[in-house]
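Structure first, commentary second.
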Amino acid sequence: MSEKFSFQAEIQKVLDLMIHSVYSNKEVFLRELVANASDAIDKRKYVALSKTDLAANNNEYFIQIIPDTNARTLKIIDNGIGMTKEEVIENIGTIAKSGTKQFVEMARQLKENPELIGQFGVGFYSTFMVADKVQVVTKPATGEAASLWESTGDGTYTITAADKSDVGTEITLHLKPAEKNEEDELEEFSEEYTLKKIIQKYSDFIPHPIQLLTTKYEYDKDGKVIPGKTKQEFETANSQKALWTRQPSEVSKEEYTE
Ligand code: ADP
Ligand code: MG
């Protein structure tokens with residue numbers, strides 16, 4: 001049984017801005033989802049300091065990125081704090097009170113510069129720049145049931161009871177057709193190479209491993225892929241080092257500006 005809810009009017013306005021955005025720097029959606037995953041991990045680690053049974057297995061925390069080029073989906077998974085059903089409704093669908101007050105100014109700025117979205121506390125909705133359907137399955141560390149949040153950004157979202165064995169959050173983006181980016185290249189967000197580049201550009205310093213599922217091929221001596229030898233494995237795509245702890249010579253101009 002799924003329950004249907006309406007987005008708060010302000011949220012729907014943000015969604016419409018994202019859905020109809022002609023902005024060419026849509027890749028920032030991944031920075032927002034990774035930041036949320038990282039925050040959720042920090043929260044779980046903090047809670048687990050006093051309630052050790054709420055910690056992750058072996059105290060191992062991770063963010064996983066799983067692209068599927070054929071299905072044109074992208075999954076972002078974390079084993080952070082997760083959300084109860086009430087928290088999902090409160091956090092994804094409602095705007096913080098401070099946000100409501102400054103809403104008109106926020107909407108004006110977002111129209112020009114969607115990349116500022118994270119600063120307004122509504123970063124999650126940037127997913128609708130690249131996806132026409134978003135699903136969130138989440139299970140809270142506190143032991144309550146898992147829920148599925150689902151929306152196409154058309155004014156409503158649904159929440160359904162879900163099955164999820166591990167604590168944390170799994171977000172699935174159903175990707176829109178590829179579009180041109182700032183460099184005038186056709187950008188496909190289910191491609192490993194593109195994702196790796198975006199992670200390194202915006203999320204390299206995130207202090208948890210960002211594990212990108214990559215496909216490894218084996219080639220014969222003529223350079224042809226050997227059938228049946230292809231395998232998929234996770235590859236950590238970020239250095240997890242703060243910029244100021246690295247050698248200046250190792251820091252690219254782009255990273256420095258970022
Ligand atoms: P902000 O991160 O600035 O609060 P967002 O729109 O990015 O704004 O996210 C809204 C809220 O949704 C977060 O504050 C958090 O409570 C919740 N949330 C989003 N992603 C996750 C996640 N992966 N795990 C747990 N909670 C999340
Ligand atoms: Mg955020």
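Any value given below was found using the heavy atoms of this structure, including those in side chains, with hydrogens, waters and symmetry copies removed. All ligand and atom numbering here is 1-based and tracks the order in the structure.
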Run the ring-centre check on Trp149 versus Phe124 and record whether the distance is less than 6.0 Å. yes
Looking at non-hydrogen atoms alone, which of Asn91, Ile76, Thr138, Ile117 comes nearest to atom 17 (C) of ligand 1? Asn91
I need the atoms of ligand 1 closer than 4.0 Å to a non-hydrogen atom of Phe124, numbered in the order shown. 5 (P), 6 (O), 7 (O)
Can you tell whether the side chains of Lys26 and Glu187 come within less than 4.0 Å, N to carboxylate O? no
May I ask you to list the atoms of ligand 1 that are less than 4.0 angstrom from any heavy atom of Val122? 6 (O), 8 (O)
Check whether Arg44 reaches the backbone of Leu54 with its side chain - one donor and one acceptor, N or O, closer than 3.5 Å. yes
Distance flag for atom 24 (N) of ligand 1, protein heavy atom under 4.0 Å: yes
Among all protein heavy atoms in this structure, tell me which lies nearest to atom 19 (C) of ligand 1, with the distance rounded to 0.1 Å. Asn36 ND2, 3.6 Å
Counting both backbone and side chain atoms, is some N or O of Ile92 under 3.5 Å from an N or O of ligand 1? no
Can you tell which of Phe5, Tyr125, Tyr157 makes a side chain to side chain contact (heavy atoms under 4.5 Å, CB included) with Ser151? Tyr157
If you measure every N/O of Ile81 against every N/O of ligand 1, is any gap under 3.5 Å? no
Please check this pair: side chain of Asn58 against backbone of Glu60, looking for a donor-acceptor N/O pair closer than 3.5 Å. no
Passes salt bridge (Lys or Arg N to Asp or Glu O under 4.0 Å), Arg31 versus Glu115? Steps please. CA-CA 10 Å; Arg31 176 190 68 190; Glu115 83 265 21; over 6 Å; no
Path from Phe205 to Val28 over hydrophobic side-chain contacts below 4.5 Å: yes
For Glu32, is the nearest heavy atom under 4.0 Å from an atom of ligand 1? no
Of all protein heavy atoms, the one nearest atom 26 (N) of ligand 1 is Met83 CE, 3.5 Å
Looking at Glu27 and Lys197, is there a salt bridge between them, counting it only when a charged N and a carboxylate O are closer than 4.0 Å? no
With sequence neighbours excluded, what pairs up with Thr142 under the side chain to side chain donor-acceptor pair (under 3.5 Å) test? Glu144
Show me the donor-acceptor pairs within less than 3.5 Å that the side chains of residues 159-171 make with the rest of the protein, sequence neighbours left out.
unit_1 : atom_1 : unit_2 : atom_2 : d
Lys164 : NZ     : Asp166 : O      : 2.9
Thr169 : OG1    : Thr138 : OG1    : 2.9
Glu170 : OE2    : Lys75  : NZ     : 3.3

Strictly by ring-ring contact (aromatic ring centres under 6.0 Å, His included), give each pair with a member in residues 13-45 just once, sequence neighbours left out. Phe29-Phe189
Who's the nearest protein heavy-atom neighbour of atom 8 (O) of ligand 1, and how far? Gly121 O, 3.1 Å
Of Thr214, Thr215, Thr69, the residue whose pairing with Glu192 passes side chain to side chain donor-acceptor pair (under 3.5 Å): Thr215
Below a 4.0 angstrom heavy-atom separation, can you tell me which part of Asp78, side chain or backbone, both or neither, approaches ligand 1? side chain
Distance below 2.8 Å from the Mg ion (ligand 2): how many protein N/O/S atoms qualify? 1
Which heavy atom of the protein is the closest neighbour of atom 14 (O) of ligand 1, given with residue, atom name and distance? Lys43 NZ, 4.7 Å
